[in-house]
Amino acid sequence: MTTPDHPSVHPAWLPDAATAFLHGRTVLVAGDGPLAETVRGEARRAGATLVDGDADLVLRDTGAVPGGEGFVVAHRDGRLDVAADDDAALLHAWFHVVRGGTTDPAGHPDARHEPAHALRMLDHWDNVDVHPVMGQVERGYSGGSIFYADGHVREDLSRVEQYARLLAATGVNRVAINNVNVHAREARLLTDGLPDVARVAAAFRPWGIRVHLSVSFASPIVLGGLTTSDPLDPDVRAWWADAVARVYAVVPDFGGFVVKADSEGQPGPFAYGRDHADGANLLARALAPHGGTVHWRAFVYNHTQDWRDRSTDRARAAYDHFAPLDGRFDENVIVQVKHGPMDFQTREPVSPVLAAMPRTRLAVELQVTQEYTGQQRHACYLGPWWSEILRFRPWGPVEGDDGSPTVSDVVGGAGPGASPQVAAARGGGIAAVSNVGDDAFWTGHPLAQANLYAFGRLAWDPTLDPTDVLDEWVSLTFASPSPAGADRTVDPDVRAALHAVLDDSWRTYEAYTAPLGVGFMVNPGHHYGPSVDGYEYSPWGTYHFADRDGIGVDRTRATGTGYTGQYPAPWRDVYESLGTCPDELLLFFHHVPYGHVLHDGTTVVQHVYDTHFAGVERVEGYVRTWEGLRGAVDDAVFERVTERLAEQLRSAREWRDQVCTYFLRASGVADAHGRTIY
Ligand code: GCU
């Protein structure tokens, strides 16, 4: 399970076996750009023979679309001939061929491929220093940071280069390298840390990936010695212009800033009576002359709420703050919106902000790191969840496909009423919080690599079937050793077992944890494991309101917080009505009695019991299925997954028993099937 660069590090989806089909094949790479050189290096590494003339595989940089990332696969004289728009496209084309596992033209239908989104970004919540509470990687479950050690950017960045290669193979083209919560040490990456940032950028550059930094809105005070960071203050503006110029002097292709402002204690424009457009535009204007972008996060809410106050609804906050600002953001501002209105729960509706700002470049933010979905101790393949989100149609229809815009369309700049600027910029794309650390398997749980892989692939093409994406990942990661030049194969038992464990694992996780859209029944702080009332009386705005009669949050216009009114039709009405609200979101939108009957005829409390028992049974099945792979997969992978599945099963039983017991005690309603509830 080793790689040549790091003998102890798992090669993830680029083991030698994945590219053995190219061994001894002739490859022509026509192009002068730096990424063409990267492709030649990849071809050599795969054991292909680079030639100048006739070849099994021809990859040509046509330069037809400067800055373009698309490529055309065609057949010429029975051979594969790929014409790439530009340098970066050449690299995408190479990995496209690698994914196919064959140089046989029959395995590569003629087609043009191009990314649905221009910006496909991973955000690292890494701290340079080890934070006393959060550790080095906030919400990280894969060890320390691959970027930082001992209070500095690592001297040896070869692991970062390897990571960049893996990301390039999925299509990711942007990486933010520090936590959105910018502490004192990390703030300095913008100033005295710049030579180190330049080294990190150099590690990503040959893979077509641009680096971004998270910055503190208070930087002019913290770093510049000013007395204010008021966005309308001329000295503040001048400070940012200077700071940005210094960044571009050493990182000419710097991507821009990520900003968490006025959120969970981070500084922001509110302190000066300014709004988020004032704040974002301040940074945008400093970056604009250099071609940089501001990713300004919409995750703004009151985290010091009084639980007794039933009038404040955290779910409403992002829309209430941001929707009125539509049209006020500069062209190089991207408002980055968490996919749901709360916070990366196992199930949430899609954020209504995504349907409310046609004159603003919007990005949707996903969470690859499994903060609320098992923390990489549980197998939980999130591809199906992201696919649902990206395909969701904010303007309906409720079911089916009438061609109306999806979330993916909106963040691609093609939502209804998109301003010409938003359309021309192709929106703000897709961002996600990375799940990678210095763990030997990259992601703690080896099967969590599938999430990282799927993020890149779905950001490139959100119409891909997530099960097919998983299958690609299996084919690459678990490729069988094969004779040089032979098409790639995978042991069918391994493939079947991985699908059996992962395909539905997100729904399994939902089943034994969070029924019907109820969220936050987790232990406060670290968020692992069950605690039904863990956040019930907290200041975080995260309540389920369970009592002896019922459970759920009334977010209707008729009798609740009015949150349903933030959606356009048909969803504002679909969610408003108990008759039409989808069961999986029932408790997100409604407070109902335990005896309320769901669309499938089960009562709410019986559903809670049934799903928790069924979820545990499915995990028992995963354990048995995986055990069948002993000897069929790499021993180290086998052992690590075995250990994680044992913990998943223990934890799933704990969830089942606590949640079922809580609701039995609260409701007094016995389980119709007479199972043991404590
Ligand atoms: C969650 C998470 C935090 C993170 C925050 C964010 O609240 O628990 O660790 O900082 O999201 O997205 O900013």
Side-chain angles (χ1 to χ4, degrees), residues 5-6 8-9 122-164 167 174-205 209-226 229 239 242-244 246-251 254-261 263-267 369 371 375-376 433-444 525-526:
D5 320 286
H6 281 275
S8 57
V9 174
L122 277 169
D123 292 351
H124 281 260
W125 287 357
D126 295 23
N127 300 312
V128 182
D129 281 337
V130 177
H131 186 270
V133 179
M134 290 294 173
Q136 192 175 25
V137 180
E138 181 156 334
R139 311 306 181 188
Y141 312 104
S142 313
S145 168
I146 58 169
F147 303 113
Y148 316 106
D150 309 319
H152 301 281
V153 171
R154 289 172 184 272
E155 279 309 314
D156 176 5
L157 291 175
S158 56
R159 184 91 196 252
V160 174
E161 288 162 19
Q162 226 179 315
Y163 177 55
L167 293 189
R174 306 287 180 131
V175 167
I177 62 169
N178 65 302
N179 189 1
V180 287
N181 295 314
V182 184
H183 310 295
R185 171 67 186 86
E186 292 72 25
R188 284 174 24 225
L189 287 171
L190 183 60
T191 49
D192 47 317
L194 277 181
D196 283 337
V197 174
R199 287 198 300 116
V200 175
F204 279 106
R205 190 170 294 121
I209 297 170
R210 289 168 68 177
V211 160
H212 298 235
L213 285 178
S214 295
V215 295
S216 166
F217 194 74
S219 295
I221 301 173
V222 178
L223 304 170
L226 303 193
S229 56
W239 187 87
D242 268 9
V244 168
R246 282 194 300 271
V247 177
Y248 280 89
V250 293
V251 187
F254 182 67
F257 296 145
V258 179
V259 189
K260 172 176 178 176
S263 168
E264 300 184 333
Q266 292 296 304
T369 194
E371 176 177 0
Q375 303 199 348
Q376 282 131 258
V433 187
S434 176
N435 63 350
V436 156
D438 68 359
D439 167 60
F441 295 96
W442 298 97
T443 52
H526 58 70

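Not measured: the values here are computed from a predicted model.
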| request: Kindly indicate whether the side chain of V9, heavy atoms from C-beta on, has any atom under 4.5 Å from the side chain of Q162. | output: yes
| Partners of N127 by side chain to side chain donor-acceptor pair (under 3.5 Å), sequence neighbours excluded? | N179
| query | Is there a donor-acceptor pair closer than 3.5 Å between any side-chain N or O of E138 and the backbone N or O of N181? | reply | no
| Do L190 and V247 touch side chain to side chain, with heavy atoms closer than 4.5 Å? | yes
| Between R174 (side chain) and H212 (backbone), is there a donor-acceptor pair under 3.5 Å? | no
| field | Pairing residues for S214 by the side chain to side chain donor-acceptor pair (under 3.5 Å) criterion, not counting sequence neighbours | value | none
| query | What distance do L213 atom CG and F254 atom CZ have between them, rounded to the nearest 0.5 Å? | reply | 4.0 Å
| task | With sequence neighbours excluded, tell me which residues meet side chain to side chain donor-acceptor pair (under 3.5 Å) with Y163. | result | H124, S434
| remark: Across all chains, not counting sequence neighbours, the side chain to side chain donor-acceptor pair (under 3.5 Å) partners of S216 are none
| remark: For residues 186-205, the salt bridge (charged side-chain N to carboxylate O under 4.0 Å, His left out) pairs (sequence neighbours left out) are R188-D192, D196-R199, R205-D253
| query | Can you name the nearest heavy-atom pair linking Q375 to E371, along with the distance? | reply | NE2-O, 3.1 Å
| query | Could you state the interatomic distance from CG (L189) to CG (L223), rounded to the nearest 0.5 Å? | reply | 10.0 Å
| task | Measure the spacing between OG1 of T369 and OH of Y141 and express it to the nearest 0.5 Å. | result | 5.5 Å
| In chain order, what residues pass the salt bridge (Lys or Arg N to Asp or Glu O under 4.0 Å) check against E161, with sequence neighbours excluded? | none
| query | Do side-chain atoms of D439 reach the backbone of G444 as a donor and acceptor pair under 3.5 angstrom? | reply | yes
| field | ring-ring contact (aromatic ring centres under 6.0 Å, His included) partners of H152, counting only residues at least two apart | value | none
| field | Considering all heavy atoms, the nearest Q376-N435 contact | value | NE2-O, 3.3 Å
| message | Run the side chain to side chain contact (heavy atoms under 4.5 Å, CB included) test against V244 and tell me which residues pass, sequence neighbours left out. | response | Y248, F257, A286, L287, H290
| query | Does N178 reach the side chain of V128, with side-chain heavy atoms less than 4.5 Å apart? | reply | no
| remark: Those residues at least two apart in sequence (or on a different chain) that pass side chain to side chain contact (heavy atoms under 4.5 Å, CB included) with V250 are L194, A198
| message | Strictly by salt bridge (charged side-chain N to carboxylate O under 4.0 Å, His left out), give each pair with a member in residues 142-155 just once, sequence neighbours left out. | response | R154-D438
| Any residue meeting side chain to side chain contact (heavy atoms under 4.5 Å, CB included) with S145, in chain and number order, not counting sequence neighbours | D126, Q136, V137, F147, Y148
| Set of residues satisfying ring-ring contact (aromatic ring centres under 6.0 Å, His included) with respect to H526, sequence neighbours excluded | none
| task | With the side chain counted from C-beta on, respond yes when W239 and S229 share a heavy-atom pair under 4.5 Å apart, and no when they do not. | result | no
